[in-house]
Amino acid sequence: MALQPFCVLVTMIMALAHRAYGSGRGSMGLVSGFIDPPIVGICSTSVIIHGYKCQEIDVKTQDGFILNMQRIPEGRAGGGDTKRQPVLIQHGVLVDGMTWLLNPPEQNLPLILADKGFDVWIANARGTRYSCRHTSLQPYEPGFWNWSWDELVVYDLPAVFDYVYSQTGQKAHYVGHSLGTLIALASFSEGLLVDKLKSAVLLSPIAYLGHMNSALDIAAAKAFVEITTLFGMAEFNPKGEPVANFLRALCSYPGVDCYDLLTSISGKNCCLNASTVDLFLKNEPQSTSTKNMVHLAQTVRDGVLAKYNYGNPDFNMMHYGEAKPPIYNLSNIPHDLPIFISYGGQDALSDVRDVELLLDSLKFHDVDKLTIQYIKDYAHADFIMGVNAKDIVYNQVVSFFNHQH
């Protein structure tokens, strides 16, 4: 298996930094005895340079992954000693927390929320560049990548929610985009997190994927289900040669146009600044596990929200005690949980028909606790990088949060 160059490089940099600086820097995370985050992290490259305070934090999951987080405790103007409401922000698949910070401060969600008086926490899922550490496994070992989004539901989200609660003593608002919405909905349906959750904002929500309309994504999903191990690779590294070859093969499928890869994957985004897209392509995409991509492909193929299918009734029986993977029943989400959903008419991943299926599964939700926003011209990336997202989406998010008491 090819090594993940960036992930391994970051781990080496951290080790060198730890040797050079020792423990004198102080650790702001939960992981005593482990190396600190790199000196040059998301805080220094994308937050502090704009005049905001920012902390790099480590949080350990119950299955041993060390997740990197950023905390922006107050706005650029400061905030005195006022107790601020925490907001936890979770990115989607194949990217990391940096994607929220690519636009200027007045256009990106974390810094807007900080300036509006919130205590902002940015999560980075396992396998991304600053969360590619484990207490006993290395990124070049297949076992490091033996997980799907089920593990993000069971381990990653609870770890970051518990940490935020331990530091603030308050329930947190949540913002998820794409896969960040899927793992949140699955968590809420299992009764996880709800005791530490104040409200949830779901941007480009993904639960059902049966109507996904991108030719490239459909071809990829079919290919993943057919070659579930993807040449025996445990890690899905979009910048690595095996995945590049895989994408080239997909791009030759009839009806698949890869000239503009971002559009091919996410839909016709209306409102992206070219320089922001350039910055996006310099920083992303990030690695995830091949098993995670297979699980997403199963969601596309089967049209249901279920746990990972091991492809064999005996294996499923071994893991779940039943021949088919258990379903995440979204109707179990507490009906009084305040939820804000925003989705776009041009989104190739979060298709309007699939969002309508999601809304149907929430039909018994308390009417005054469910806010829906439909943006006709928006596609998948507009929600995190759109130049007008502040006016169209983020102001609504701030208003929604301010109405929760």
Side-chain angles (χ1 to χ4, degrees), residues 69-75 77 79-91 97 100 108-123 153 157-158 160-178 180-207 330-343 355 358-359 361-375 383-384 389-405:
M69 294 180 72
Q70 287 72 43
R71 183 185 191 181
I72 308 167
E74 60 187 37
D81 297 321
T82 53
K83 196 172 187 182
R84 292 167 165 249
Q85 178 67 48
V87 180
L88 176 64
I89 304 179
Q90 178 68 55
H91 61 80
W100 297 103
N108 78 58
L109 180 60
L111 299 185
I112 288 168
L113 287 171
D115 283 334
K116 291 291 186 180
F118 294 93
D119 178 5
V120 179
W121 300 71
I122 302 173
V153 171
L157 274 186
V160 293
F161 261 93
D162 287 349
Y163 186 78
V164 171
Y165 188 79
S166 75
Q167 296 301 299
T168 65
Q170 298 183 75
K171 292 183 177 183
H173 294 301
Y174 178 84
V175 180
H177 175 256
S178 190
T181 69
L182 175 62
I183 59 176
L185 289 164
S187 296
F188 306 158
S189 76
E190 300 271 285
L192 302 172
L193 311 180
V194 290
D195 60 329
K196 298 182 178 71
L197 178 70
K198 195 169 182 70
S199 74
V201 167
L202 309 177
L203 307 177
S204 292
I206 283 178
L330 299 188
S331 63
N332 288 339
I333 294 173
H335 295 172
D336 60 350
L337 173 65
I339 298 176
F340 176 97
I341 290 176
S342 185
Y343 65 110
V355 176
L358 167 61
L359 296 177
S361 69
L362 299 173
K363 62 188 171 191
F364 297 118
H365 211 80
D366 293 359
V367 176
D368 61 336
K369 297 293 184 181
L370 187 60
T371 304
I372 312 296
Q373 181 187 39
Y374 171 69
I375 308 167
F383 287 91
I384 45 168
K390 176 185 186 291
D391 296 330
I392 294 177
V393 185
Y394 303 159
N395 286 346
Q396 305 300 317
V397 170
V398 170
S399 176
F400 171 76
F401 285 157
N402 286 333
H403 279 87
Q404 310 310 319
H405 301 292

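Along the sequence shown, the residues carry numbers beginning at 1. We use all heavy atoms of the structure for the numbers below, so side chains are in, but hydrogens, waters and symmetry mates are not. Fair warning: this is a prediction, and the values are worked out from it, not measured in the lab.
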Query raised in the report: Considering all heavy atoms of both residues, which atom of G97 and which atom of H91 are nearest to each other, and what is their separation?
Result: N-CD2, 3.5 Å
Query raised in the report: If you round to the nearest 0.5 Å, how far is CZ of F188 from OH of Y174?
Result: 6.5 Å
Query raised in the report: What are the two closest non-hydrogen atoms of D119 and R71, and how far apart are they?
Result: OD2-NH2, 2.6 Å
Query raised in the report: M69 and V160: side-chain contact (heavy atoms from CB on, under 4.5 Å), yes or no, with the steps?
Result: CA-CA 8 Å; M69 294 180 72; V160 293; 3.6 Å; yes
Query raised in the report: Nearest 0.5 Å, what's the NE2-OG distance between H403 and S199?
Result: 12.5 Å
Query raised in the report: Closest heavy-atom contact between P205 and S342?
Result: CD-O, 3.5 Å
Requested in this report: State, to 0.1 Å, how close A207 and L330 come at their nearest heavy-atom pair, and which atoms those are.
Outcome: CB-CD1, 4.0 Å
Report summary line: Contacts of D195 meeting side chain to side chain contact (heavy atoms under 4.5 Å, CB included) (sequence neighbours excluded), chain-then-number -> none
Requested in this report: Take atom NE2 of H335 as the centre, draw a 6.0 Å sphere, and report whether it contains more than 12 heavy atoms from other residues, nucleotides or ligands.
Outcome: yes
**Report entry** salt bridge (Lys or Arg N to Asp or Glu O under 4.0 Å) partners of D162, counting only residues at least two apart
**Finding:** K196
Query raised in the report: Between CD1 of I89 and CH2 of W121, what distance do you get to the nearest 0.5 Å?
Result: 12.5 Å
Report summary line: side chain to side chain contact (heavy atoms under 4.5 Å, CB included) with V87: of V397, I122, V175, V164, only one passes, and it is V175
Query raised in the report: Could you walk me through whether L203 and I384 pass the side-chain contact (heavy atoms from CB on, under 4.5 Å) check?
Result: CA-CA 9 Å; L203 307 177; I384 45 168; 5.6 Å; no
Query raised in the report: With sequence neighbours excluded, what pairs up with Q90 under the side-chain hydrogen bond (donor to acceptor under 3.5 Å, both in side chains) test?
Result: none
Query raised in the report: Among all residues two or more places apart in sequence or in another chain, which pass the side-chain hydrogen bond (donor to acceptor under 3.5 Å, both in side chains) test with S187?
Result: none
Query raised in the report: By side-chain hydrogen bond (donor to acceptor under 3.5 Å, both in side chains), which residues pair with T181, not counting sequence neighbours?
Result: none
Query raised in the report: Is there a donor-acceptor contact under 3.5 Å from the side chain of S399 to the main chain of N395?
Result: no
Report task. Kindly compute the distance separating CD1 (I372) from CG (L370), expressed to the nearest 0.5 Å. Result -> 3.5 Å
Query - Side-chain donor or acceptor of S178 paired with backbone N/O of G180 under 3.5 Å - result: no
Query raised in the report: Of L192, L197, L193, which meets side chain to side chain contact (heavy atoms under 4.5 Å, CB included) against L157?
Result: L193
Query raised in the report: What distance do L185 atom CG and L362 atom CG have between them, rounded to the nearest 0.5 Å?
Result: 7.0 Å
Requested in this report: Please answer whether the main-chain N or O of L337 pairs with a side-chain N or O of H365 as donor and acceptor at a distance below 3.5 Å.
Outcome: yes
Query raised in the report: Would you find a donor on one side and an acceptor on the other, under 3.5 Å apart, between the side chain of Q373 and the backbone of I392?
Result: yes
Query raised in the report: At what distance, to the nearest 0.5 angstrom, does CZ of F383 lie from OH of Y343?
Result: 10.0 Å
Requested in this report: Report the C-alpha separation of F401 and L113 in whole Å, then their side-chain angles, then the decisive distance to 0.1 Å, and conclude whether the side-chain contact (heavy atoms from CB on, under 4.5 Å) test is met.
Outcome: CA-CA 10 Å; F401 285 157; L113 287 171; 4.2 Å; yes
Query raised in the report: Is there a donor-acceptor contact under 3.5 Å from the side chain of Q404 to the main chain of F400?
Result: yes
**Report entry** Trace of the side-chain contact (heavy atoms from CB on, under 4.5 Å) decision for W100 with N108
**Finding:** CA-CA 6 Å; W100 297 103; N108 78 58; 5.9 Å; no
Query raised in the report: Considering only heavy atoms from C-beta outward, does the side chain of T371 approach that of I339 to under 4.5 Å?
Result: no
Query raised in the report: With no hydrogens and no angle check, is any side-chain donor or acceptor of R84 less than 3.5 Å from a backbone partner on A114?
Result: yes
Report summary line: side-chain hydrogen bond (donor to acceptor under 3.5 Å, both in side chains) filter on Q85, not counting sequence neighbours, yields none
